[in-house]
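Along the sequence shown, residues carry numbers from 1. First listed ligand is number 1; within each ligand, the first listed atom is number 1.
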Amino acid sequence: MAISQAKQILKDVFGYSSFRPTQEKVVEAVLNKQDSLVLMPTGGGKSICFQIPALTLPGVTVVVSPLIALMKDQVEALKVNGVAAEFINSSLTESEQADVIKRALDGKIKLLYVSPEKMNSESFYYTLLQLNLNLIAIDEAHCISSWGHDFRPDYKKLGYLKKQFKEVPIMALTATADPLTQNDIVVQLKLHKPAIFKDSFSRPNIFIEARPAYKRKEVILNFIQRREEESGIIYCLSKKNTEDLSRYLKSNGIAAGFYHAGMPAEIRNRVQNDFINDRIRVVCATIAFGMGIDKSNVRWVVHHNLPKNIEGYYQEIGRSGRDGMPAHALLFYGGKDYNILAGFNDESERKVILNARLDRMLHLAESNHCRRKLLLNYFGEWTQDNCGECDNCKGSQSLFDGTLLAQKALSAVARLQNKLPQNILPHVMTGNRTPDVVAGKLDSIKTFGAGADVSTDDWQRIVNQLVSLGYLKIDYQLGSILALTPLSNEVLFEGGKVMLHRLDEKIKREKKPEPKKRVVAPAFQQEKGLFERLRQLRRTMAVQQGVPPYILFSDATLAEMVEERPTNEWEMKDISGVGNTKWDRYGQAFVDEIKAFLGEKSNKAKPAFQKTYELYKKGLSPEIIASQQGINVITVYSHLATLFEKGVAVDIEQYVMPYELMEVKEILNHQPNASLQEIYETAKKQIPHHVIRLAMSLLKI
Ligand code: ADP
Ligand code: ZN
């Protein structure tokens, strides 16, 4: 099956003109019947990877998905694109399920979403045997790993699929960056020689910012007020926080709600639906909120409290900007939150690991280094580049050349391979014979005490930075032992420089002044009028259709409409995200709205004299121009005069006799403010109105 056919379907059904680079490779692998593991960040475009093969190949694709909300969202999105898609899960009655299965068996369904429980049931196994399966896609595949953060026992059983359906390619997809989890997925699903695709986990459209927890409520209110109409999520540590904050925002006129696990399911669903359908624009929530929400136009995420670890933080901020448009992540941090979270960890058997991960989160929050660089290094995407799109990159970083210090530390790690825990390295550097140092014989190396000019505390800060910056890594499973990374060699042997932030800087818990710069409005907002109108139309139509607005068209698609202003079918279908079905169902209404907008605008800004000019350029006389436009010839002369005054090259002198020009000049010398009619009277009605008008223009220049 040719990839060109897949591309045609991408355009016709989804309205996208091309695959993203990894998508194309994944689709090719499936068309070649290969198993695959697809690792892409949120918003990376995973769904297309299995949806396109599903539509290109004969038969049906079964998609395993862990959450009812996720399935519903994807099936709705497919249906508005005219794709035969359905789901089977516990939200359907027995007879509804039977109906879907019957239609699947009749070959009437191209994509069938199934919960893992259903997938593992005996009855469904017999259905699977009868279906013409072209692909099995396992979405959110990290749920299979007990190491990961969303472990689901039912996922573990999915390993039987490869044994039973050897001929059917399996695709596992996840946005989890953790290499241990990735490995687990391949092993447990028994994937056969899988093609592994990994995109960068960087989300460059999300601006990342962290601030000390000071006057959070006020800062948050201000932050929201500056973002008119934009949806966002505020993550809080406690249920009470969510309720208090939501009340505060509401009392300040913001359409906000709260969401936490302590609420009845019914009310939680209502809040979630209100948010998805743009009826409220802010949700104050505990981390229970967001799983399974595909809303693509969340424009910002605020962390009212320090998150427990970087994985969770990254996943949460990742819920913003899924449509690829600019988004903003604002994090508050403070010692109090840290202590509360560390207190929770005390009760766990995994206390050491949990605290280590919490520490990394705090380092990220307190750091003066490029935050995206720290995040990517945390996830093993070793990089030394600054992103330019975080608060630290935009602000001034007070850094010093710490290469020599780094070299000392790295060489100690190199010499004490697999032996040196993170918290002992500072003692090795300062030459401090603590019991641990002596027991591990860590004082035998040449670099022992090589950094005695720096205090142990400062060394701890240096080590933290070296880890955050990716020059060292920590194996938490082996008692926080340090190891070198691909970046270390550059520093040790290739003259690479290491910039560190100043050591005497304490955690700044005092107020950081509000940045003076205005938040740069995303490009699409600069044409607020049209964007607002299209957004309004989208909302109205979404209500009529009973789907969330972002499923009808994403913010990115609306933004492109604002940019391109399509006014007919072909132009509209050129917009990314407008496929054939969406054109048929909604396209004309959007074209009409754009036309109406342009029409109103042109009445004001694009005056009729432009039309006159177009005809004038064709060499037509004023009389003919007037008759073609159905206007008075005097008006045409007036248009020409206006054009001349605007500096357009029209020759109006040809219509004015020299003596007429002289006379008008004379009159204006005596009465500089004379109106056209007054000049006409003074000249004893000898000079026609239009000639006076032209003469006045000639004299103005
Ligand atoms: P993920 O499941 O990886 O989070 P999605 O599949 O939801 O990502 O896709 C994220 C966004 O990117 C969606 O708005 C989707 O419509 C858009 N998208 C995906 N693939 C393409 C493409 N080839 N061209 C343009 N937009 C795309
Ligand atoms: Zn940066």
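The shortest heavy-atom distance from S554 to ligand 1 is not under 4.0 Å. Not a single heavy atom of S296 sits closer than 4.0 Å to an atom of ligand 1. For the ligand labelled ligand 1, residue M40 lies outside the 4.0 Å heavy-atom shell. Every heavy atom of S17 sits 4.0 Å or more from the atoms of ligand 1.
Other residues, nucleotides and ligands place no more than 12 heavy atoms under 6.0 Å from the NZ atom of K72.
We find that E209 and R211 are joined by a salt bridge, their nearest charged nitrogen and carboxylate oxygen being less than 4.0 Å apart. Taking 4.0 Å as the cut-off between side-chain N and carboxylate O, R20 and E24 do not count as a salt-bridged pair. Between E311 and R357, at least one side-chain nitrogen of the basic residue sits less than 4.0 Å from a carboxylate oxygen of the acidic one, meeting the salt-bridge criterion. The pair E86-K79 meets the salt-bridge criterion, with a side-chain N (NZ, NE, NH1 or NH2) lying under 4.0 Å from an Asp/Glu carboxylate O. Salt bridge D294/R319: absent, no basic N to carboxylate O contact under 4.0 Å.
Listed by number with element, the atoms of ligand 1 under 4.0 Å from a non-hydrogen atom of P41 are 3 (O). Near T42, with a cut-off below 4.0 Å to any heavy atom, the atoms of ligand 1 are 4 (O). The distance from ligand 1 to the heavy atoms of S576 drops below 4.0 Å at these ligand atoms: 25 (C).
In S47, the parts holding a heavy atom less than 4.0 Å from any atom of ligand 1 are both the side chain and the backbone. When heavy-atom distances to ligand 1 are checked against a 4.0 Å cut-off, Q23 comes that close only through its side chain, counted from C-beta outward.
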For this session: Could you walk me through whether F590 and F553 pass the ring-ring contact (aromatic ring centres under 6.0 Å, His included) test, one step at a time?
Result: CA-CA 11 Å; F590 281 78; F553 285 128; 5.0 Å; yes

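For atom 10 (C) of ligand 1, the closest heavy atom belonging to the protein is G43 O, 3.4 Å. Here the protein heavy atom with the shortest distance to atom 17 (C) of ligand 1 is R20 NH2, 3.6 Å. Nearest to atom 11 (C) of ligand 1 among the protein's heavy atoms is R322 O, 3.5 Å. In this structure, the protein non-hydrogen atom closest to atom 25 (C) of ligand 1 is Y16 CD2, 3.4 Å. Protein heavy atom in closest approach to atom 9 (O) of ligand 1: G45 CA, 3.5 Å.
For the salt bridge (charged side-chain N to carboxylate O under 4.0 Å, His left out) criterion with E389, the lone passing option out of K373, K394, R372, R371 is K394. Checked against K295 for a salt bridge (charged side-chain N to carboxylate O under 4.0 Å, His left out), the options D555, D278, D323 give a single hit: D278.
When atom types are taken as modelled, the side chain of T403 and the backbone of V498 share a donor-acceptor pair closer than 3.5 angstrom.
Side-chain contact between V591 and N568 is absent, with no heavy atoms from C-beta onward closer than 4.5 Å. Contact of the V562 side chain with the L534 side chain is registered, since non-hydrogen atoms from C-beta on lie closer than 4.5 Å.
Near-neighbour remark for the Zn ion (ligand 2): protein N, O or S atoms under 2.8 Å are C370 SG, C387 SG, C390 SG, C393 SG; waters not counted.
Residue L10 has no nitrogen or oxygen atom sitting less than 3.5 Å from a nitrogen or oxygen atom of ligand 1, judged on distance alone.
A distance of 9.0 Å separates CH2 in W570 from CH2 in W583, rounded to the nearest 0.5 Å.
Side-chain atoms of S65 and D139 form no donor-acceptor pair, as typed in the model, at a separation below 3.5 Å.
Checking R319, K46, E24 against atom 3 (O) of ligand 1, the nearest heavy atom belongs to K46.
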